[in-house]
Amino acid sequence: MVKSINFLLVLSLLTFAPFCHSKKKIGGYLYPQFYDGSCPRAQEIVQSIVSKAVAKEPRMAASLLRLHFHDCFVKGCDASVLLDSSGTIISEKRSNPNRDSARGFEVIDEIKSALEKDCPHTVSCADILALAARDSTVLTGGPSWEVPLGRRDSLGASISGSNNNIPAPNNTFETILTKFKLKGLDIVDLVALSGSHTIGNSRCTSFRQRLYNQTGNGKADFTLDQVYAAELRTRCPRSGGDQNLFVLDFVTPIKFDNHYYKNLLANKGLLSSDEVLLTKNQVSADLVKKYAESNDLFFKQFAESMVKMGNITPLTGSRGEIRKNCRKINK
């Protein structure tokens, strides 16, 4: 009888054992302490190199944040965006959302090189992207969050996925929301993550139609403040100047804050995909107003949505690999 009770006790402990660390784990195999034993200095190394890069060029923070976003929205957060073309792989760097605009690859290379010296074949490129995005946010004055780790790297890329899945500046509100929903994100995530446009730049080619021919009638977008539009036209002509850069948040262009939402309320959002958050849906418009009123509320939701986005179909366990060089798969 005693043996029977002991057996049942052990069985019950084994049954509930997996839940003992459930608070630590986020999204299956991903959890912040993943490298604590195998590469304890991993986060410190990433933060140090990102800090140096952002100090040298403040714009780099937005570039690194964008890389993580453009990675996760294609095949999940698996570092496919970092692969160069080779053999059967056609690089996502050639896609419309990335060509002539995705940048920061050299910073990722530097981080990977340092990590390979400290703990070879341990830290994935996908996790480097997730950590660099968080550190870039913090370094520009934004919120911090614990980054769930344990992603592995893809064995391929998808240029079609990059072209089709990443929201575009000229997409309608419904198209953008659909692209978010297909990745398990909702309207709250959409509005909060769009707030990353509080830092960084955009090219003239990404918003030109708002200045000259928004609906095909040869007229400017009426939802854009016309004084602001006139300023933009001085450096974004009808033709030419495609690569001319403009800050996304003209008030605090290198500070991560809620001025992005305040700009939207003043009809001074740069991209059409920004302005539609206010003009095309009441739920998103209400969220824009809430985040414009409360920086704390925006920061809290941005951090939550970044964790959620970082958990889009990661490769874990034995799937994928840990690349030695982020630009190519292992031989």
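- Classified by interplanar angle (parallel below 30°, tilted 30° to 60°, perpendicular above 60°), the ring pair F69/F180 is tilted.
- F246 does not carry R203 over the face of its six-membered ring by the limits of under 6.0 Å from the centre and within 45° of the normal.
- From C326, atom SG reaches atom CG of D153 across 6.5 Å, with rounding to the nearest 0.5 Å.
- Between K112 and D109 there is no salt bridge, since no side-chain nitrogen of the basic residue lies less than 4.0 Å from a carboxylate oxygen of the acidic one.
- Counting heavy atoms of neighbouring residues, nucleotides and ligands inside a 6.0 Å radius, atom CZ of R59 exceeds 12 of them.
- Salt bridge absent: K183 and D189 never bring a charged side-chain N and a carboxylate O closer than 4.0 Å.
- Under the 4.5 Å side-chain criterion, counting only non-hydrogen atoms from C-beta, N165 is not in contact with L182.
- Between Y260 and F250, the ring centre distance reaches or exceeds 6.0 Å.
- Both L193 and V188 belong to a common hydrophobic cluster when Ile, Leu, Val, Met, Phe, Trp and Tyr are linked at side-chain heavy-atom distances under 4.5 angstrom.
- Formation of a donor-acceptor pair under 3.5 Å by the R323 side chain with backbone atoms of A126 is not found in this model.
- Between N325 and K328 there is a side-chain heavy-atom pair separated by less than 4.5 Å.
- L271 and L287 fall into different hydrophobic clusters, where Ile, Leu, Val, Met, Phe, Trp and Tyr residues are linked whenever their side-chain heavy atoms come under 4.5 Å apart, directly or through other members.
- For the pair K75 and E92, the salt-bridge criterion is not met [side-chain N within less than 4.0 Å of a carboxylate O].
- Other residues, nucleotides and ligands contribute at most 12 non-hydrogen atoms within 6.0 Å of the NZ atom of K290.
- A heavy-atom distance below 4.5 Å is found between the side chains of F256 and F298.
- Across H68 and G310, no two heavy atoms sit closer than the pair NE2-CA, 4.0 Å.
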Open item on the list: Working note: I108 + R327, criterion side-chain contact (heavy atoms from CB on, under 4.5 Å); need CA distance, chi angles, decisive distance, verdict.
Closed with: CA-CA 10 Å; I108 302 299; R327 292 175 181 262; over 6 Å; no
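- Side-chain contact between Q243 and C204 is absent, with no heavy atoms from C-beta onward closer than 4.5 Å.
- No salt bridge links E304 with K308; every basic N to acidic carboxylate O contact stays at or beyond 4.0 Å.
- In this structure, L297 is a member of the same hydrophobic cluster as V191, with clusters built from ILVMFWY side-chain heavy atoms closer than 4.5 Å.
- The distance between the ring centers of Y291 and F302 does not fall below 6.0 angstrom.
- The aromatic ring centres of F34 and Y29 sit 6.0 Å or more apart.
- In this structure, V147 and A130 approach most closely via the heavy-atom pair CG1-CB, 3.8 Å.
- At a cut-off of 3.5 Å, with distance as the only test, a side-chain donor of T172 or T175 sits close to an acceptor on the other residue.
- For the pair S162/I166, a side-chain contact is recorded, criterion being any heavy-atom separation below 4.5 Å from C-beta on.
- The two residues S38 and T122 come nearest to each other via the heavy atoms OG-CG2, 3.5 Å.
- Residues D257 and T198 have side chains that bring a donor and an acceptor to within less than 3.5 angstrom of each other.
- A heavy-atom distance below 4.5 Å is not found between the side chains of V123 and I322.
- A side-chain donor-acceptor contact under 3.5 Å links K179 and N171.
- Under 3.5 Å, the side chains of S86 and D84 contain no donor-acceptor pair of N or O atoms.
- Between E44 and R41, at least one side-chain N (NZ, or NE/NH1/NH2) sits under 4.0 Å from a carboxylate O, which counts as a salt bridge.
- Taking each heavy atom of V46 and A132 in turn, the nearest pair found is CG1-N, 4.0 Å.
- For S91 and S85, the side-chain atoms include no donor-acceptor pair closer than 3.5 Å.
- Placement of I90 and I329 in two distinct hydrophobic clusters is found when ILVMFWY residues are connected by side-chain heavy-atom separations under 4.5 Å, directly or transitively.
- Panel note: side chain S284, backbone N281; a donor-acceptor pair is recorded below 3.5 Å.
- Between K255 and D249 there is no salt bridge, since no side-chain nitrogen of the basic residue lies less than 4.0 Å from a carboxylate oxygen of the acidic one.
- Counting heavy atoms from C-beta outward, L232 and R210 have side chains that stay 4.5 Å or more apart.
- Between the side chains of D221 and T223, at least one donor N or O lies within less than 3.5 Å of an accepting N or O.
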TODO: Start with the C-alpha gap between S80 and D78, add the side-chain angles, then the distance that decides, and say whether side chain to side chain donor-acceptor pair (under 3.5 Å) holds.
DONE: CA-CA 6 Å; S80 62; D78 61 1; 3.1 Å; yes
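- Under a cutoff of 6.0 Å and an axis angle of 45°, K93 and F105 form a cation-pi pair.
- At least one side-chain heavy atom of P97 sits less than 4.5 Å from a side-chain heavy atom of N163.
- Using a 3.5 Å distance cut-off with no hydrogens or angles, the side chains of S101 and R66 do pair a donor with an acceptor.
- In terms of hydrophobic clustering, with Ile, Leu, Val, Met, Phe, Trp and Tyr side chains grouped at heavy-atom distances under 4.5 Å, L264 and F207 are assigned to different clusters.
- Across every non-hydrogen atom of L270 and S202, the tightest pair is CD2-CB, 3.8 Å.
- Closest non-hydrogen pair, A42 versus L115, comes out as CA-CD2, 3.7 Å.
- Taking OG from S272 and CD from Q209, the interatomic distance works out to 6.0 Å, rounded to the nearest 0.5 Å.
- One finds no salt bridge joining E275 and K268 here, because no Lys/Arg side-chain nitrogen approaches an Asp/Glu carboxylate oxygen to under 4.0 Å.
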Open item on the list: Before you tell me yes or no, could you show the steps for Y261 and K289 under side-chain contact (heavy atoms from CB on, under 4.5 Å), namely the whole-Å CA-CA distance, both residues' side-chain angles and the distance that decides it to 0.1 Å?
Closed with: CA-CA 7 Å; Y261 300 103; K289 291 168 188 170; over 6 Å; no
- [ ] Test side-chain contact (heavy atoms from CB on, under 4.5 Å) on I111 and V107 and set out the steps.
- [x] CA-CA 6 Å; I111 294 169; V107 178; 4.1 Å; yes
Open item on the list: Determine whether L30 and T316 satisfy the following criterion, side-chain contact (heavy atoms from CB on, under 4.5 Å), listing intermediate values before the conclusion.
Closed with: CA-CA 8 Å; L30 303 187; T316 55; 4.0 Å; yes
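- Looking only at atom types and distance, the side chain of S124 has no donor-acceptor partner in the side chain of R152 under 3.5 Å away.
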